[in-house]
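This report refers to the structure that appears directly beneath it.
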Amino acid sequence: MTHLLDIDDLKKSDITSILKFAKEIKQSKIGGKTQPLLSGKTLAMLFQKPSTRTRVSFEVGMNMLKGDAVLLDPSQLQLSRGESLSDTTKSLSLYVDAIMVRVIDHSFLQQLSSTSPIPVINGLSDKAHPCQSLADLLTIDETFGGFNTHAAWVGDGNNVSNSFARACSIMGIDLTVATPKGYGLSAETLSILESSSISLTITNDPKEAVSEADVVYTDTWISMGDETTREKRLSDFSGFQINSTLLEKTEASVMHCLPAHRNEEISTDVLDGNRSLVWAQAENRLYAQNGLLVFLLNPSQYVDI
Ligand code: CP
Ligand code: NVA
């Protein structure tokens, strides 16, 4: 059983297949001849936190390939009245083929996947955002013609950056990470990066981080759940904004997973400017979900278009 709790649940060859599916489905969509690759398949979706892109790209991604998606309201499930996770996942597996969940606490996802007879996909937790990483890799592949490139993360060592860093280590993307002191990547991610073959630099200096980068990536300084520390974070992240002054000596492209807090972690002119890959990334969420869903639910029926 393949569950996707973090990006390193996938091997390099799995990611290569998912990206291949994603690119072919994108081309077929643009050419107006999408195949019914998920016909008869249903995805259950459960969100404990808000979502725009993940929510819509998974549902549209299923429907585009003639599958279905069912949105579950956590407060309306018997789980909210104490039904066990194993009884819940066993029942769901009688109706649907996979469960995608956005959770407050990563350990809930681990418990859910440990009891689930069908694949569980992490649609974001406090620790990881692997589906975002797939769209990020697709965007880098399209932009640079592969992964022989150097990325810089500038900002918080959060869910998005931990998964992105692991994705870089799997695909061989050199990485520089600049965070304020106390906001670094997790010890587990650092240990994975240190044992990988990529060139890795860890710094607290955003200027150093962007100087050699082909692509600079950031995310909000105040993730969902961090709101009570907003003022402290705004102060601690001072100097980490991605703006035209920080980028003046580079030609690096810019990524952001969205939602952006304009003129906090990224200036509006850079977000909307010609370096920005942000809208390609957002669009690629759809095709990355397509590729992942075909990989998990129907890999053998995939035919080249
Ligand atoms: N990037 C991302 O996951 O966006 P949503 O929170 O809108 O799903
Ligand atoms: N780091 C952000 C990502 C949102 C997609 C958060 O967790 O809120």
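Computed over heavy atoms, backbone and side chain alike; hydrogens, waters and symmetry mates excluded. As the structure lists them, so they are numbered: ligands from 1, and atoms in each ligand from 1. Numbers here simply count residues along the sequence, with the first being 1.
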Among all protein heavy atoms in this structure, tell me which lies nearest to [atom], with the distance rounded to 0.1 Å.
atom                   : result
atom 7 (O) of ligand 2 : Asn159 ND2, 2.8 Å
atom 8 (O) of ligand 2 : Met224 N, 2.8 Å
atom 4 (O) of ligand 1 : Arg53 NE, 3.0 Å
atom 4 (C) of ligand 2 : Leu124 CD1, 3.8 Å

Any side-chain to backbone donor/acceptor pair from [X] onto [Y]? Under 3.5 Å, distance only.
X      : Y      : value
Arg102 : Pro50  : yes
Asn162 : Asn158 : yes
Thr115 : Leu112 : yes

(message) As a check for students: among His129, Lys49, Gln281, identify the option with a heavy atom nearest to atom 3 (O) of ligand 1.
(response)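 Looking at heavy atoms only, the winner is His129.
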(request) Kindly identify the option in Arg102, Arg55, Gln132 whose heavy atom sits closest to atom 6 (O) of ligand 1. (result)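 Of the listed residues, Arg102 has the closest heavy atom.
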Could you say whether the N/O atoms of [X] and ligand 2 ever approach to under 3.5 Å?
X      : value
His129 : no
Asp219 : yes
Thr220 : no

(message) For Leu258, which part has a heavy atom under 4.0 Å from ligand 1: side chain, backbone, both, or neither?
(response)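 Looking at Leu258 and ligand 1, just backbone atoms fall under 4.0 Å.
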Decide whether [X] and [Y] meet the rule of one side-chain donor and one side-chain acceptor closer than 3.5 Å.
X      : Y      : answer
Arg166 : Ser133 : no
Asn284 : Thr139 : yes
His256 : Thr218 : no
Ser13  : Thr16  : no
Ser57  : Arg53  : no
Ser113 : His3   : no

(message) Less than 4.0 Å is my threshold; does some heavy atom of Leu258 fall inside it relative to ligand 2?
(response)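 It does, in that a heavy atom of Leu258 comes within the 4.0 Å cut-off of ligand 2.
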(message) For ligand 1 and Cys257, I'd like to know whether there is a polar contact (N/O to N/O, distance under 3.5 Å).
(response)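 Yes: some nitrogen or oxygen of Cys257 is under 3.5 Å from one in ligand 1.
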(request) Before signing off on this row, confirm whether Met224 and ligand 1 have an N or O atom pair separated by under 3.5 Å. (result)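 No; every N/O pair is 3.5 Å or more apart.
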(request) Output the list of atoms in ligand 1 that are nearer than 4.0 Å to some heavy atom of Arg285, sorted by atom number. (result)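 Per the distance check, 1 (N), 2 (C), 3 (O).
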